[in-house]
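Down below is the structure, laid out as structure tokens.
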Amino acid sequence: MRTDPVTLKMLENHAQAVAESMAYTLFRTAHSTFVKETEDFTTGLVTPSGMTFASPRDLGATWFIGLDYKGALDGIDSYAEGDICITNDPYSGFVCTHTPDMHIWKPIFWEGEIIAFAVGHIHNTDMGGAVPASLSRANTEVHQEGIRFKPSKLVSGGVVNQQLIDTLMLNVRMPEQNRGDMNAQIAAVNTGEAKVHEMIRKFGVETVKNGIEDLLDMGETRARAVISDLPDGDFRFVDYLDEDGPDGVPVRLELNLQIRGDAVTLDFTGSDPQLKSALNMPTGGNPRHILMMVGYNYCLYTLDPSVPLNGGILRAATCIAPEGSILNPQYPAAVGMRSLTCGRLQGVVMGAFHAAAPDRLPVGAAGGGGIVNVKTFDARTGTLSMASIDPVIGGAGGSALGDGTDGSGANSGFLKNTPVEINEVEVPIKFRRYGLVQDSGGAGLARGGLSTVLEVEVFTPDTVVTARNRDRTIFAAWGGQGGHPGAPSHFTKISPDGTRHDLGNTDVINLGPGDVFNLTSGGGAGWGDPFTRDADLVVRDVLRGSISAEAARRDYGVVVDAAGVCDVQATQTLRDAHTAPVPQTYSYNASRIAFEAIWTDANYAALTQALAGMPVHWRHFVKRAVFDHIAALPQADLRGDGSDVLAAIDAVRARVPGLTRAMDLREAAE
């Protein structure tokens, strides 16, 4: 360590203060609701090689800790003072992740040497493309997801590239929002540059340069200490996205977490092949790509909140994501909905760590609601009106430490809700309901957090609502240690005559005057046997409206009368008759149990092995064909030992001669 501990702590605080000053500048000057209210943005400082060493703790999307900008930085031939660069291309340097995320960076020079880069991103409400807000799981290639810019100089030596800005504004639906947010980004990196110069003048340039590297080293050391406190072993966890596209089939995410001493390997082999939908997660094969590491960061920070929040903590982990999989897709796969996959992947990582530390980490968070955008027309002005109005995410999972928080979003809790009054000013709509849902949190010794419901009426023809990250209608949040899974999510259209239409996992809908949409997230799962929960807490939940009296009796064995008073004798009778569940690390909802009765681990293992031997562009087609084949068989004929899949693949090859030819050509090429 080149820097003494006291000075290093001072440098850490100063660097974080710089990142937070950048965030505050961006937050205060942004134009779109999604940035200034929801706070889907980041700011930070990175080393000359691109590794993040300082990030805010409270403002913005705090889950990008350890984002590696190297690929983007290397996309620029040379840097001069006054340069500011941007990119939003998911496949250029693998930093942007999807087209609405515009990343920006500015070199910070001192006496001709680059000391660091001020960086950040915002999620633009729209970047053009096939649908308003640019994102839908129905997109099949990145070209449908809006205009893209490879790493480019937005400002060169202080001179603005007006042609680039004009090209961007020509291709988006609400250019004034994009322009205002871009100006806020520029102000943020300029703030970062000025603040780093202040640091250098205070501490000296050599102290700052050495301190930056020492901060990363300290992060690694502390991360390894946390991992060393966990038991060695392999901890496997699986979860699913409901559908791989419109009218699709489930998407499997599988992890084998290998803990060895002070290091971990996250092996995602067994996860599905890349999809013909926008759920792919572009990582470029980077073994520490931040999108695969978010859940890891959350687990380390939960286990030890004093862990430094910088890229050094990633050095203790390595990810394996086979090329051509949903977690490492090939261009030009669509990737706009990667945030849904990333959110579910965070839960998969946390699920595996939960097996290693079941008394220290929570069970499954809600998910499934989505982030809502509305495009409509303002009758007052006759002009297009478009805004992101709210994230609808739901509660956290319970844990040995207590109940999951209601409606918090848990691992997506950084997304802030927008006040109803602001939304109704931004877009001509009416909020009919925005709140929590009774009985939606999984029952447990520690109850799961309640889900969130958003109900909105529209007034104009051809109104388009996008709800990206819709999920959890089939596979609800998983419980543990005898706790129940959370409630599933729902998306409903209500016509003016009161007819209700179940929209399932649809994420883009067209509405007319008087139509209402109701979007209800999933609920957080419960931890521990609910019949052991303190009866007074159950009564409190009934009085608060968190659970119904019926659920109190059924799920907790607590009888609460109409006056909200516990019937002690009836409660004791119910609880005495209760048979405690056999302790299980995980518990799942009925839909998942029914699905896995057919799609066993053996069947999935056979499918994964078979698809790995096929050309990438065939894999999703064959997967869908195999699912269709097995769905058509009588359930009594299914064995679940892998032979079902092998027989289905033989049937596909017999029906589609081109598959055999493609595989032969692949083998010959290898």
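Heavy-atom basis, side chains included; hydrogens, waters and symmetry copies ignored.
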Determine whether more than 12 heavy atoms belonging to other residues, nucleotides or ligands lie under 6.0 Å from atom [atom1] of [X].
{"X": "Asp462", "atom1": "CG", "result": "no"}
{"X": "Lys276", "atom1": "NZ", "result": "no"}
{"X": "Phe431", "atom1": "CZ", "result": "yes"}
{"X": "Gln162", "atom1": "CD", "result": "yes"}
{"X": "Lys153", "atom1": "NZ", "result": "yes"}

Distance-only, no hydrogens or angles: does the [X] side chain make a donor-acceptor pair with backbone N or O of [Y] under 3.5 Å?
{"X": "Ser325", "Y": "Pro322", "answer": "yes"}
{"X": "Asn161", "Y": "Leu164", "answer": "yes"}
{"X": "Gln144", "Y": "Thr140", "answer": "yes"}
{"X": "Asp471", "Y": "Leu241", "answer": "no"}
{"X": "Asn373", "Y": "Ala133", "answer": "no"}
{"X": "Gln185", "Y": "Met102", "answer": "yes"}
{"X": "Ser271", "Y": "Glu254", "answer": "yes"}
{"X": "Thr25", "Y": "Ala187", "answer": "no"}
{"X": "Thr506", "Y": "Leu503", "answer": "yes"}
{"X": "Thr191", "Y": "Val189", "answer": "no"}

Going by the angle between their ring planes, with limits at 30° and 60°, are Phe595 and Trp599 parallel, tilted or perpendicular?
-> parallel
Side-chain contact test, heavy atoms from C-beta onward, threshold under 4.5 Å: evaluate it for [X] versus [Y] and give yes or no.
{"X": "Ile593", "Y": "Asn589", "answer": "no"}
{"X": "Glu426", "Y": "Ser385", "answer": "no"}
{"X": "Asn518", "Y": "Leu454", "answer": "no"}
{"X": "Ser451", "Y": "Val437", "answer": "yes"}
{"X": "Thr38", "Y": "Pro391", "answer": "yes"}
{"X": "Leu511", "Y": "Val465", "answer": "yes"}
{"X": "Arg179", "Y": "Asn183", "answer": "yes"}
{"X": "Glu37", "Y": "Phe34", "answer": "no"}

Rounded to the nearest 0.5 Å, what separation is found between the [atom1] atom of [X] and the [atom2] atom of [Y]?
{"X": "Tyr296", "Y": "Ile290", "atom1": "OH", "atom2": "CD1", "answer": "10.5 Å"}
{"X": "Ser92", "Y": "Tyr331", "atom1": "OG", "atom2": "OH", "answer": "9.0 Å"}
{"X": "Ile104", "Y": "Ile86", "atom1": "CD1", "atom2": "CD1", "answer": "7.0 Å"}
{"X": "Ser591", "Y": "Ile474", "atom1": "OG", "atom2": "CD1", "answer": "7.0 Å"}
{"X": "His490", "Y": "Ser440", "atom1": "NE2", "atom2": "OG", "answer": "9.5 Å"}

Hydrogens and angles aside, do [X] and [Y] bring a side-chain donor and acceptor to less than 3.5 Å of each other?
{"X": "Asn505", "Y": "Thr473", "answer": "yes"}
{"X": "His620", "Y": "Asp244", "answer": "yes"}
{"X": "Asp101", "Y": "Asn88", "answer": "no"}
{"X": "Thr97", "Y": "Arg338", "answer": "yes"}
{"X": "Asp181", "Y": "His31", "answer": "no"}
{"X": "Glu323", "Y": "Gln330", "answer": "yes"}

Check [X] against [Y] and note the closest heavy-atom contact, atom names and distance.
{"X": "Ser408", "Y": "Thr405", "result": "OG-OG1, 2.8 Å"}
{"X": "Leu340", "Y": "Asn469", "result": "N-OD1, 3.2 Å"}
{"X": "Ile326", "Y": "Val251", "result": "CD1-CG1, 3.5 Å"}
{"X": "Pro151", "Y": "Ala72", "result": "CB-O, 3.8 Å"}
{"X": "Thr42", "Y": "Leu26", "result": "O-CD2, 4.3 Å"}
{"X": "Ser32", "Y": "Gln177", "result": "CB-OE1, 3.8 Å"}

Does NZ or CZ of [X] come closer than 6.0 Å to the centre of the six-membered ring of [Y], within 45° of the ring's axis?
{"X": "Arg252", "Y": "Tyr604", "answer": "yes"}
{"X": "Lys623", "Y": "Phe627", "answer": "yes"}
{"X": "Arg592", "Y": "Tyr588", "answer": "yes"}

Trace of the side-chain hydrogen bond (donor to acceptor under 3.5 Å, both in side chains) decision for Thr87 with Asp89 | CA-CA 6 Å; Thr87 184; Asp89 179 18; 5.7 Å; no
Under 4.0 Å between a Lys/Arg side-chain N and an Asp/Glu carboxylate O for [X] and [Y]?
{"X": "Asp40", "Y": "Arg468", "result": "yes"}
{"X": "Asp247", "Y": "Arg624", "result": "no"}
{"X": "Lys416", "Y": "Glu39", "result": "yes"}
{"X": "Glu455", "Y": "Arg433", "result": "no"}

Assess whether salt bridge (Lys or Arg N to Asp or Glu O under 4.0 Å) is satisfied between Arg173 and Asp126, documenting all intermediate values.
-> CA-CA 7 Å; Arg173 292 174 173 85; Asp126 179 78; 2.7 Å; yes
Applying the side-chain contact (heavy atoms from CB on, under 4.5 Å) test to Ile165, which of Leu170, Asn178, Leu154 qualifies?
-> Leu154
Evaluate the criterion side chain to side chain contact (heavy atoms under 4.5 Å, CB included) for residue pair Val372 and Phe517; output intermediate values, then yes/no.
-> CA-CA 11 Å; Val372 182; Phe517 70 86; 3.9 Å; yes
Candidate pair Asp239 and Phe237, rule side chain to side chain contact (heavy atoms under 4.5 Å, CB included), full reasoning = CA-CA 7 Å; Asp239 207 349; Phe237 189 73; 4.1 Å; yes
Between Arg28 and Lys36, does a side chain to side chain contact (heavy atoms under 4.5 Å, CB included) hold up when you go through it step by step?
-> CA-CA 7 Å; Arg28 294 285 292 177; Lys36 67 187 179 184; over 6 Å; no
Trace of the side-chain hydrogen bond (donor to acceptor under 3.5 Å, both in side chains) decision for Ser495 with His501 | CA-CA 8 Å; Ser495 299; His501 311 269; 2.9 Å; yes
Would you sort out whether Asp68 and Asn286 count as a side chain to side chain contact (heavy atoms under 4.5 Å, CB included), showing the intermediate values?
-> CA-CA 10 Å; Asp68 187 354; Asn286 182 340; 4.0 Å; yes
